[in-house]
Amino acid sequence: MKKFTDALARLFLMFTGYTYSNMARLFIRLFVGIMFMQFGIRHLVNYSTMSVDFPTVLGLSSATCLSIMIVIELVCSLFIMVGFLTRLSTLPPIASMIAAEYYIAHDLLPHTSLYGLDSTEPGYLPVMFIGIYLFILLAGPGKISLDYFISIFIIGRQGRDEKEELDEV
């Protein structure tokens, strides 16, 4: 019985005691980057048809708004996936998803002011992306990212090591 409880304890500690936060951050960056990049690719492929009636923001033309959205969806997604300027790269998608949510909630669905739990309205997608991007903004890119490798390079050039730098922060 003692061997069983020891094995169960080891198993429990193995699954709950170790965290894989850097791997989790890589996963969420890759997941949201691929998901968001799909929209950019679709917009790029269908540019000629979508540029006519794409929603306008801040008085810009439909074609201009679509071009800006494509750049945000492709460039920011790529930067987030590789972990380059990660926190900065989340800001344009957050802003674009806030604009998309506003457009969906106020222009497309004027009769709907609040989504219910049983709702299938399209406004959940921008809110989901906002939540994921806010998580990445707060959590940072993790150690499996270009940001981390660049910071280690900069710290090394200053003649310091990572541990010294972390002790100061």
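In this structure, the side chains of Ser77 and Gln38 stay at 4.5 Å or more apart for every pair of heavy atoms. Taking the side chain as every heavy atom from C-beta outward, Thr90 and Leu134 never approach each other to under 4.5 Å. Between Phe135 and Val32 there is no side-chain heavy-atom pair separated by less than 4.5 Å. Between Tyr47 and Ile70 the shortest side-chain heavy-atom distance falls below 4.5 Å. Residues Met37 and Glu73 have side chains not in contact (no heavy-atom distance under 4.5 Å, counting atoms from C-beta outward). Put simply, the side chain of Val45 does not reach to within 4.5 Å of the side chain of Arg42, judged on heavy atoms. Taking the side chain as every heavy atom from C-beta outward, Met128 and Met97 never approach each other to under 4.5 Å. A heavy-atom distance below 4.5 Å is not found between the side chains of Tyr148 and Asn22.
Contact record, Ser62 with Ser51: CB-O, 3.0 Å, taken as the closest heavy-atom pair. Minimum interatomic distance between Arg29 and Met81 (heavy atoms only, all atoms of both residues): NH2-O, 3.3 Å. Closest heavy-atom contact between Pro126 and Ala100: CG-CB, 4.2 Å. Contact record, Phe36 with Pro93: CE2-CB, 3.9 Å, taken as the closest heavy-atom pair. Closest approach of Tyr133 to Ile80, counting heavy atoms only: CE2-CD1, 3.4 Å. Across every non-hydrogen atom of Ile94 and Ile130, the tightest pair is O-CG1, 4.3 Å.
Both Ile136 and Leu78 are part of a single hydrophobic cluster, where members link through side-chain heavy atoms under 4.5 Å apart. Both Ile28 and Leu125 are part of a single hydrophobic cluster, where members link through side-chain heavy atoms under 4.5 Å apart. Under a hydrophobic-cluster definition in which Ile, Leu, Val, Met, Phe, Trp and Tyr are linked whenever side-chain heavy atoms come within less than 4.5 Å, directly or via other members, Phe54 and Phe129 are assigned to the same cluster. Val52 and Met69 fall into different hydrophobic clusters, where Ile, Leu, Val, Met, Phe, Trp and Tyr side chains are chained together by heavy-atom contacts under 4.5 Å. Under a hydrophobic-cluster definition in which Ile, Leu, Val, Met, Phe, Trp and Tyr are linked whenever side-chain heavy atoms come within less than 4.5 Å, directly or via other members, Tyr20 and Ile132 are assigned to the same cluster.
Separation of atoms CZ (Phe84) and OG (Ser89) is listed at 8.0 Å; rounding is to 0.5 Å. Between atom CG of residue Leu85 and atom CG of residue Leu146 there is a gap of 9.5 Å, rounded to the nearest 0.5 Å. Considering NZ of Lys143 and CZ of Phe149, their distance stands at 10.0 Å, rounded to 0.5 Å. Here the straight-line distance linking atom OG1 of Thr56 with atom CG of Leu66 works out to 12.0 Å at 0.5 Å rounding. Of the inter-residue distances, the one linking Thr86 atom OG1 with Leu137 atom CG reads 10.5 Å to the nearest 0.5 angstrom. Taking CZ from Arg25 and CD1 from Ile144, the interatomic distance works out to 9.5 Å, rounded to the nearest 0.5 Å.
Of the possible donor and acceptor atoms, none in the side chain of Asp147 sits under 3.5 Å from a partner among the backbone N and O of Pro141.
Asp6 and Arg10 are not joined by a salt bridge, as no carboxylate oxygen comes within less than 4.0 angstrom of a charged side-chain nitrogen.
Relative orientation of the Phe31 and Phe27 rings is parallel, given thresholds of 30° and 60° on the angle between their planes.
Residues Thr64 and Ser61 bring a donor and an acceptor atom of their side chains to less than 3.5 Å of each other.
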